[in-house]
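Step one of this worksheet: look at the structure below.
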Amino acid sequence: MSETGEPTVESRPALKRAIGPKLLFFFVIGDVLGTGIYALVGSVAGQIGGALWLPFLVAFGVAFLTAFSYLELVGKYPRAAGAALYTQRAFKIPFLTFLVAFAVMSSGITAAGAAARAFAATYLQPFAPWPVLQVAVGFLLVLGLINFRGVAESVKINMVLTGVEISGLVIVIAIGVYAAGSGQGEPSRLLEFDTEDRNLLLSISAATSLAFFAMVGFEDAVNMAEECRDPARIFPRSLLSGLIAAALIYELVALTASLLIPAETLSAARSDALLKVVAVGAPAFPLKVFAGIGLLAVINSALINMMMASRLLYGMANERILPPVFGAVHPTRRTPWVSILFTTAIAVGLVVTAGEDGVRKLGGTTALLLLCVFTGVNIACLVLRREKVEHAHFRAPPGTPMLGAIFCGYLALPVLSGRPASDYAISLALLGVGIVLWGVNRWWIGRPRLARKR
């Protein structure tokens, strides 16, 4: 997207179409699984009680509706631009398109911040009980150095890491099956709702708003469109089946956690909840093995998100919608070093200011930003229905884009969703930074014209 709002086309070689349906399926699962389920089970239990499986189920339903819209749009426009491209084509408002792109970038930073807190406060502790804040900051700085050095992870490596992440969740599920078979656990907890001073609907909405963080990631798959073989054909089955597989794993993990441990204990454990599930359900199981798997899961999640955020910032600078300094590339490492410094600094600032409840705050902020983006994507799908293309493509079932927009918008609203004010404060602060950069860039571009007029 250019400053005028029109897509820019450069003379460059096409990307290699090397991804088939199986690789895309594992890419989707690997992108969805990660920090969300490993770190937020306890926080979700604190919002809803023992029936914590319900928010994950509702979050899956909302994500599934939105996935239909993404599938229709990526089938019509198989380019690696995602929500920003769809927003621009539908509304042709450059500033709105910029806000969508900056919100997606910001969600990567907040997700990485949540992963940093989970890394330091949870999965590193069995190995080295070091101070959480210092470790979280150091974790982000190391990620920044790796990002600067240049990381080119293929989807085949992603398959390996996905297998590691899944193995940890399968361990939790197997422990639940074993515990249930041996008479452990309390099935009645699965239907317990701890609503505190709120009504049931508000409690479910608040828990779902947080659980939605665990379901995001599938939208990143659209950025692989130009590297997929026949994307219009393989995307629907691979994306939907990957999303279903991830949701099934989440549901079984949530059921296991609630079955074995009371909701108040899970809530008090916060990001330690799954470690506690393993310790209670299988005391003989070496806890460090599961902690090591959790470390790999959050490291992979954080690195992918920080790479995405820095490259998106770099791309916006190249399209002249942000100051050109963010497009600077290091002469030897060939990486966008200014964008990497900027995104790393923002992530560190968020981790430092988020406090002890940083995993929940930053995870909730990530979900809020993407719910707003998904609302726009669903509406864009409706608007672009009247724009025809020559090739065959997937069409979302009738009513799903409208339902997706309604539910995503509902979960993003401050009163109806029961979402804490901190999510909105962090989101607005991040978008405020973006608006300032947008204004600086427009002023800088306008300077020569003003000089000529004088």
Side-chain angles (χ1 to χ4, degrees), residues 7 14-34 59-90 100-101 104 107 153-159 162 166 215-249 304 308 311-312 370 373-385 387-405 408:
L15 295 174
K16 183 180 179 181
R17 295 190 179 274
I19 302 176
K22 291 182 180 179
L23 286 179
L24 184 60
F25 171 80
F26 277 99
F27 181 88
V28 172
I29 294 181
D31 231 7
V32 174
L33 298 179
F60 162 70
V62 176
F64 205 66
L65 291 171
T66 302
F68 283 127
S69 293
Y70 268 101
L71 285 173
E72 176 168 332
L73 293 169
V74 76
K76 291 178 73 173
Y77 317 109
R79 292 171 51 196
L85 169 65
Y86 311 143
T87 303
Q88 180 59 33
R89 292 196 74 106
V100 168
V104 173
S107 73
E153 293 182 320
S154 70
V155 288
K156 291 184 178 180
I157 294 177
N158 180 266
M159 283 181 64
T162 296
I166 291 175
M215 294 306 306
V216 301
F218 69 91
E219 73 284 354
D220 290 338
V222 302
N223 292 316
M224 308 302 293
E226 294 183 45
E227 296 171 83
C228 289
R229 298 192 294 267
D230 195 4
R233 182 182 64 83
I234 72 171
F235 251 86
R237 178 175 295 181
S238 296
L239 192 148
L240 295 177
S241 58
L243 197 55
I244 290 171
L248 179 61
I249 292 171
I304 288 174
M308 179 274 289
R311 269 59 177 184
L312 188 50
L370 289 178
V373 171
F374 290 172
T375 302
V377 168
N378 282 302
I379 296 173
C381 183
L382 291 170
V383 172
L384 291 171
R385 282 270 166 98
E387 186 174 295
K388 305 300 180 183
V389 295
E390 295 181 0
H391 60 274
H393 63 86
F394 179 89
R395 186 176 174 88
T400 55
M402 179 66 73
L403 289 173
C408 287

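Sequential numbering from 1 along the given sequence is applied to the chain's residues.
Evaluation of the salt bridge (Lys or Arg N to Asp or Glu O under 4.0 Å) rule for R233 yields D230 as partners, not counting sequence neighbours. For A246, the side chain to side chain contact (heavy atoms under 4.5 Å, CB included) criterion is met by V32, L33, not counting sequence neighbours. S69 is linked by a side-chain hydrogen bond (donor to acceptor under 3.5 Å, both in side chains) to N378, counting only residues two or more places apart in sequence or in another chain. Remark: E387 engages Y77, R89 in a side-chain hydrogen bond (donor to acceptor under 3.5 Å, both in side chains) (not counting sequence neighbours). Residues passing the side chain to side chain contact (heavy atoms under 4.5 Å, CB included) test with L248, sequence neighbours excluded: L252. Among residues two or more places apart in sequence or in another chain, the ring-ring contact (aromatic ring centres under 6.0 Å, His included) test is passed with F25 by none. Applying the side chain to side chain contact (heavy atoms under 4.5 Å, CB included) test to A59 and every residue at least two apart in sequence or in another chain returns T208, A211, F212, M215. L65 pairs by the side chain to side chain contact (heavy atoms under 4.5 Å, CB included) definition with T400, L403, F407, not counting sequence neighbours. For R385, the side-chain hydrogen bond (donor to acceptor under 3.5 Å, both in side chains) test picks out E72, with sequence neighbours left out.
What you find for E219 and L370 is that their closest heavy atoms are OE2-CD1, 3.7 Å. Between I379 and A405, the shortest heavy-atom distance links the atoms CG1-CB, 3.9 Å. Taking both residues in full, the closest heavy atoms of A84 and V100 are given as N-CG1, 4.1 Å, listed atom of the first, atom of the second, then distance. Closest of all the heavy-atom pairs between P21 and I234 is N-CD1, 4.0 Å. In terms of heavy atoms, P397 sits closest to F394 at CD-CZ, 4.4 Å. In this structure, V104 and S107 approach most closely via the heavy-atom pair O-OG, 2.6 Å.
Using modelled atom types, no side-chain atom of T66 and backbone atom of G404 make a donor-acceptor pair closer than 3.5 Å. Proximity of a side-chain donor or acceptor of S241 to a complementary backbone N or O of S238 within less than 3.5 Å is detected.
We find the CG-CD1 distance between L239 and I244 to be 10.0 Å, quoted to the nearest 0.5 Å. The distance from the OH atom of Y86 to the CG atom of L384 is 10.0 Å, given to the nearest 0.5 Å.
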_Candidate pair L71 and L240, rule side-chain contact (heavy atoms from CB on, under 4.5 Å), full reasoning_ = CA-CA 9 Å; L71 285 173; L240 295 177; 3.6 Å; yes
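Between F374 and F218, the ring-plane angle classifies as tilted under the 30° and 60° cut-offs. Ring-plane geometry between H391 and H393 is classed as perpendicular, the angle between the planes exceeding 60 degrees on a 0 to 90 degree scale with a lower cut at 30.
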